[in-house]
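Since the structure comes first, as structure tokens, the remarks are kept for the end.
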Amino acid sequence: MDKAEPAAMELVPAEFVSQRAGSRHQRRAHLAPRGPRFKRGSSRARLAIVKLRGSHANGPHIKDWLAAIAAEAGAIVIVPGGGPFADAVRSAQASMGYDDSAAHAMALMAMAQFGRALQSLNPALRMTASRSAISRALKDGKVPVWSPETMARAAALPETWALTSDSLAAWLAGALGAGCLVLVKHGRFEVPAVDVRDLVARGVVDPLFPRYLKESAARAWLAGPTDSARLAEGLQRPIFPEIVARDEAT
């Protein structure tokens with residue numbers, strides 16, 4: 001459930017970034033808890049979600065990312081993209097003509113396939129399909145790799161290609177009460193912040209992502225394929241470009 005994306009990002013004006021940061025902190029101070037908070041013995045008390053594009057399967061950095069994520073075991077969850085497995089679903093739909101409902105179900109399975117491949121590459125990873133399984137894996141000091149079929153179907157999420165693994169990652173962040181979402185994308189993002197609607201227009205995230213990110217109440221960041229060594233620091237303080245919405249500054 002991934003798609004191609006450009007590397008160039010548009011700079012968000014500095015005055016908007018500073019206004020928006022204050023607005024977000026004020027708004028979040030009044031938010032009620034949205035779900036369970038998973039903690040471990042560190043200064044970072046809230047759960048992080050990392051979305052790994054399936055297209056990274058054929059890149060040279062996937063094991064580096066898994067090692068960096070495994071170093072945060074107990075406080076981080078992987079949402080796998082669909083990658084080549086989802087591409088096969090798209091191709092078969094074009095030739096066979098099955099409907100989007102079937103394609104959606106198959107694309108969820110494609111994410112699970114990529115997740116299973118990731119799990120085989122690092123012993124710290126564990127496949128999970130439910131809140132309770134995610135909680136157990138975190139308590140065991142493991143990294144849950146989310147298999148989305150059961151939870152996504154129970155939530156009756158839209159059965160359309162307009163909902164990709166990016167939106168699913170944002171939805172899961174809300175479902176688990178995670179405070180941080182990192183999207184690992186191709187390209188470099190040398191900007192302090194990017195507007196979520198610009199990302200949609202450029203095809204970097206899917207059209208439903210702004211909705212699910214807003215509902216999640218999580219802060220979201222963009223990381224590049226070579227940023228794995230900076231993950232630990234990025235979970236402690238804002239060093240990656242943040243995904244923001246301009247209307248939150250008003």
* To do: Could you tell me the separation between the NZ atom of K51 and the CG atom of L183, rounded to the nearest 0.5 Å?
  => 6.5 Å

* To do: Compare every heavy atom of R53 with every heavy atom of V184, then report the nearest pair and how far apart it is.
  => O-CG, 3.6 Å

* With under 30° as parallel and over 60° as perpendicular, where do the rings of W146 and W171 fit, or are they tilted in between? -> parallel

* To do: Considering non-hydrogen atoms only, spot the tightest contact between G141 and A73 and give its length.
  => O-CB, 3.1 Å

* **D195 side chain near I243 side chain, heavy-atom distance below 4.5 Å** => no

* Do W65 and L52 have side chains that get closer than 4.5 Å, going by heavy atoms? -> yes

* To do: Could you tell me whether the side chain of S216 and the main chain of G174 form a donor-acceptor pair under 3.5 Å?
  => no

* To do: Search all heavy atoms of S228 against all heavy atoms of A68 and return the closest pair with its distance.
  => O-CB, 3.3 Å

* Closest non-hydrogen atom pair, L118 against L66 -> O-CD1, 3.9 Å

* Under the side-chain contact (heavy atoms from CB on, under 4.5 Å) criterion, do V50 and I76 qualify, and how do the steps go? -> CA-CA 7 Å; V50 175; I76 197 164; 3.5 Å; yes

* **Min side-chain heavy-atom separation I69-L231 under 4.5 Å** => yes

* With hydrophobic residues grouped by side-chain heavy-atom distances under 4.5 Å, do L163 and V200 end up in a single group? -> yes

* **Heavy-atom donor-acceptor pair, R46 side chain to G177 backbone, under 3.5 Å** => yes

* Can I78 and F114 be said to form a side-chain contact (heavy atoms from CB on, under 4.5 Å), step by step? -> CA-CA 11 Å; I78 292 175; F114 182 50; over 6 Å; no

* To do: Start with the C-alpha gap between L181 and R219, add the side-chain angles, then the distance that decides, and say whether side-chain contact (heavy atoms from CB on, under 4.5 Å) holds.
  => CA-CA 6 Å; L181 169 62; R219 297 182 72 178; over 6 Å; no

* Could you tell me which non-hydrogen atom of A86 sits nearest to which non-hydrogen atom of A110, and how far apart they are? => N-CB, 3.5 Å

* **Residues that M127 engages under side-chain contact (heavy atoms from CB on, under 4.5 Å), provided they are two or more places apart** => R116, Q119, V145, S147

* To do: Dump the intermediate steps for salt bridge (charged side-chain N to carboxylate O under 4.0 Å, His left out) on D166 and K185, then the final yes or no.
  => CA-CA 10 Å; D166 289 335; K185 295 285 187 177; 2.6 Å; yes

* Would a 4.5 Å heavy-atom cut-off, applied to side chains only, mark L176 and R131 as touching? -> yes

* Quick one: CE on M106 to CD on Q113, what's the gap to the nearest 0.5 Å? -> 9.5 Å

* Tell me, do I239 and W221 make a side-chain contact under 4.5 Å, heavy atoms counted? -> no

* **E159 CD to L108 CG distance, which is reported to the nearest 0.5 Å** => 8.5 Å

* Atom OG1 in T128, atom CD1 in I134: separation rounded to 0.5 Å? -> 4.5 Å

* Asked: Does the side chain of D206 pick up a donor-acceptor pair with the side chain of T164 at under 3.5 Å?
  -> yes

* Heavy-atom side-chain proximity of L157 to Y212 below 4.5 angstrom -> yes

* Asked: Taking a hydrophobic cluster as the set of Ile, Leu, Val, Met, Phe, Trp and Tyr residues connected by side-chain heavy atoms closer than 4.5 Å, whether directly or through intermediates, do V191 and L213 fall within one such cluster?
  -> yes

* Asked: Can you check whether V194 reaches V204 side chain to side chain, under 4.5 Å on heavy atoms?
  -> no

* To do: Indicate whether the side chain of Q93 and that of D99 have a donor and an acceptor atom separated by less than 3.5 Å.
  => no

* Gap between atom CG of L208 and atom OG1 of T160 - 0.5 Å precision -> 7.0 Å

* **Check: F85 and M111 side chains under 4.5 Å, non-hydrogen atoms** => no

* Asked: Looking only at heavy atoms, what is the nearest atom pair of I49 and A178, with distance?
  -> CG1-CB, 3.7 Å

* To do: Report the C-alpha distance between T150 and S130 in whole Å, list the side-chain angles of each, state the deciding distance to 0.1 Å, and finish with yes or no for side-chain contact (heavy atoms from CB on, under 4.5 Å).
  => CA-CA 7 Å; T150 301; S130 66; 5.9 Å; no

* To do: Only pairs at least two apart or in different chains count here, so list each salt bridge (charged side-chain N to carboxylate O under 4.0 Å, His left out) that has a residue in residues 141-153.
  => none

* Which value, rounded to the nearest 0.5 Å, describes the distance between S91 atom OG and M96 atom CE? -> 11.0 Å

